[in-house]
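Okay, so here's the structure we're looking at.
For the numbers below, each heavy atom of this structure counts, side chains included, while hydrogens, waters and symmetry mates do not. This is a predicted model, so every value here is computed, not measured. Here, residue 1 is the first one in the sequence, and each next residue gets the next number.
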Amino acid sequence: MTDTRVFHRSLRHTPSTAVRGDGVWLFDSNGRAYLDGSGGAAVSCLGHNHPEVRAAMHAQIDALAYAHTGFFTTEVAERLAERLVAEAPAGTSHAYFVSGGSEAIEAALKMARQYAVETGQPQRQYLVARRQSYHGNTLGALAVGGNAWRRAQFAPLLVDVTHVSPCYEYRDRHEGESVAQYVDRLGQELEDTFQRLGSDKVLAFVAEPVVGATLGAVPAVQGYFRRMREICDRHGVLLIADEVMCGMGRSGTRYAIEQEGITPDLITIAKGLGGGYQPIGAVMAQGHIVDAMARGSGFFQHGHTYLGHATACAAALAVQEIIARDDLLARVRRQGEGLMARLQARLGEHPNVGDLRGRGLFQGVELVADRATRAPFDPARQLHARVKRAAMARGLMCYPMGGTIDGRQGDHILLAPPFIISDDELDQLVDRLAGAIDDALQAQ
Ligand code: PMP
């Protein structure tokens, strides 16, 4: 048992105590510095302790920390929504503010369902999502997620969701199969799934434009999302893009889906929206969804106490204003290229690095026992967990993940440093990561 009263994820080990942050660095109570190479879990886009975000939060708290949305809107929530809508894909009309990613997914699923009911399609009830995805830990979000390990013991409590293949080129595109043929194959699978469930009974297809917490930054191949959109359109199925991790500039554009040239019906965002300064997430909704509810029952049958929390909105507004003012998306693209170049140079030929991938400052390293066969390591070795410990010992936070996922084992490391990371800090990140991988491998 831990010797603290905080219920930590591990009940056996108490983590170090974080006491201070400064830019890309976190410091613990022993004075040790950690380079935040993963932005926590792809959260801290502006780094830690940004003075302007702190000032904006202080000003909001001094005026009004919180007002319940059952009684009021607030200027700060309206300003944030206006900014987000203006920057979102064409047709987006509203932002629905919640407190995090899982809540955003829950709200999106219920919005999709209510839209179906309000538009005279109450028979639409089936959800389709992808294996090896993560959409959150509340029961609805966990059901949609395709991570067998996370779902296993809660399975009896989960609504039935049909999972199709992810778009995971490194492992799933067959030898000799072109990208176009791979897209055809995945498209056919979705088409067949919709047909099997009943074309008019499917409610929504949920997917992460760049897979994050299960595979470590896996973008789809070119043309994949266009095909998925076409198939959804043909069957009247809503497309929900989960950008909780890859959105808000992390992949080099405000929304990762912009790079795919399609428009989802609903987009969920969180993490980088508030940059960790406050818990906040949102559903960005297309006008036709909101209109249907406005014309129908006139309200969205959902709600939480902290919807549109004023201080959280103030933090997010400041974060998003700074990103725009300082042109940080261009910086994400530039530093992202720098990160990939360093990873290639340092790890590209490493015998246990199978794949380096990602977009912007959202990149992943997949470790393998054998590069030629792409054979993963024995899950019993828990290599990813060893990399995490070795990295912390070297003063680096990275986000390793792995274990047996849907019967397939893998060791993945996600990198998602703050957008403000410098060249020198990128050097240190890759240096420490390469050292940690070797430490972990040698410790076997
Ligand atoms: N969706 C995705 C794509 C995520 O990566 C996450 C969190 N890792 C969530 C949803 C859930 O977000 P939260 O942890 O804020 O509930």
Side-chain angles (χ1 to χ4, degrees), residues 16-66 74-84 86-87 97 99-100 247-250 252 254 269-282 306 308-336 338-339 360-362 395-397 415-429:
S16 306
T17 302
V19 292
R20 190 167 68 80
D22 183 13
V24 303
W25 298 93
L26 272 176
F27 300 86
D28 72 12
S29 52
N30 296 318
R32 282 183 53 92
Y34 300 85
L35 175 52
D36 191 354
S38 57
V43 173
S44 300
C45 52
L46 274 191
H48 300 275
N49 276 6
H50 198 293
E52 289 169 273
V53 184
R54 284 163 43 203
M57 288 169 59
H58 285 158
Q60 185 61 47
I61 291 169
D62 289 345
L64 176 71
Y66 161 76
T74 56
E75 268 177 36
V76 69
E78 296 295 339
R79 281 175 60 205
L80 177 61
E82 234 160 75
R83 168 173 277 280
L84 293 176
E87 289 169 341
F97 293 123
S99 299
M248 294 292 96
R250 174 80 25 222
R254 183 87 47 195
I269 53 176
K271 298 189 188 269
L273 173 58
Y277 287 89
Q278 286 284 283
I280 183 166
Y306 298 120
H309 193 283
T311 310
C313 288
L317 182 61
V319 168
Q320 298 309 317
E321 281 176 349
I322 293 164
I323 287 174
R325 182 197 67 197
D326 296 351
D327 200 13
L328 290 182
L329 298 192
R331 191 182 168 96
V332 168
R333 293 191 287 274
R334 202 169 54 243
Q335 297 308 78
L339 175 56
L361 282 171
F362 195 47
L396 173 69
M397 291 161 62
L415 300 172
F419 301 173
I420 54 163
I421 192 164
S422 69
D423 289 349
D424 175 56
E425 288 158 346
L426 282 177
D427 287 340
Q428 294 188 55
L429 191 168

Would L84 and L273 count as a side-chain contact (heavy atoms from CB on, under 4.5 Å) here? Give the steps. CA-CA 10 Å; L84 293 176; L273 173 58; 3.9 Å; yes
Please report the shortest heavy-atom distance between [X] and [Y], naming the atom on each side.
X    : Y    : answer
P418 : L361 : O-CD1, 3.8 Å
A416 : F362 : CB-CD1, 4.2 Å
G249 : L329 : CA-CD2, 3.3 Å
G338 : L426 : C-CD1, 4.3 Å
A42  : K271 : O-CB, 3.5 Å
R32  : G395 : NH2-N, 3.6 Å

Per the side-chain contact (heavy atoms from CB on, under 4.5 Å) rule, which among L26, V24, L35 passes with M397?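 So, applying the side-chain contact (heavy atoms from CB on, under 4.5 Å) to M397 and each of L26, V24, L35, only L26 qualifies.
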With side chains defined as the heavy atoms from C-beta onward, is the minimum distance between R325 and E52 less than 4.5 Å?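 Counting from C-beta outward, R325 and E52 do come under 4.5 Å.
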Just so I know, are the side chains of S16 and Y34 near enough to count as touching, which here means a heavy-atom distance under 4.5 Å? yes
For atom OH of Y66, decide whether the heavy atoms of other residues, nucleotides or ligands shown that lie under 6.0 angstrom number more than 12. yes
Using modelled atom types only, decide if a donor and an acceptor are shared between the side chain of [X] and the backbone of [Y] within a distance under 3.5 Å.
X    : Y    : value
D36  : G40  : yes
Y277 : H50  : yes
N49  : G21  : yes
R331 : I420 : yes
E87  : R254 : no
T311 : A65  : yes

Does the side-chain contact (heavy atoms from CB on, under 4.5 Å) test come out yes or no for T74 and C313, once each step is laid out? CA-CA 9 Å; T74 56; C313 288; 5.6 Å; no
Gap separating the [atom1] atom of [X] from the [atom2] atom of [Y], nearest 0.5 angstrom:
X    : Y    : atom1 : atom2 : result
R334 : D327 : CZ    : CG    : 8.0 Å
I323 : F419 : CD1   : CZ    : 5.0 Å
I322 : L328 : CD1   : CG    : 8.5 Å
E321 : R79  : CD    : CZ    : 5.5 Å
L317 : M57  : CG    : CE    : 12.5 Å

Cationic tip of R20 above F27 ring, under 6.0 Å, 45° of axis: yes
N30: partners by side chain to side chain contact (heavy atoms under 4.5 Å, CB included), with sequence neighbours left out: D28
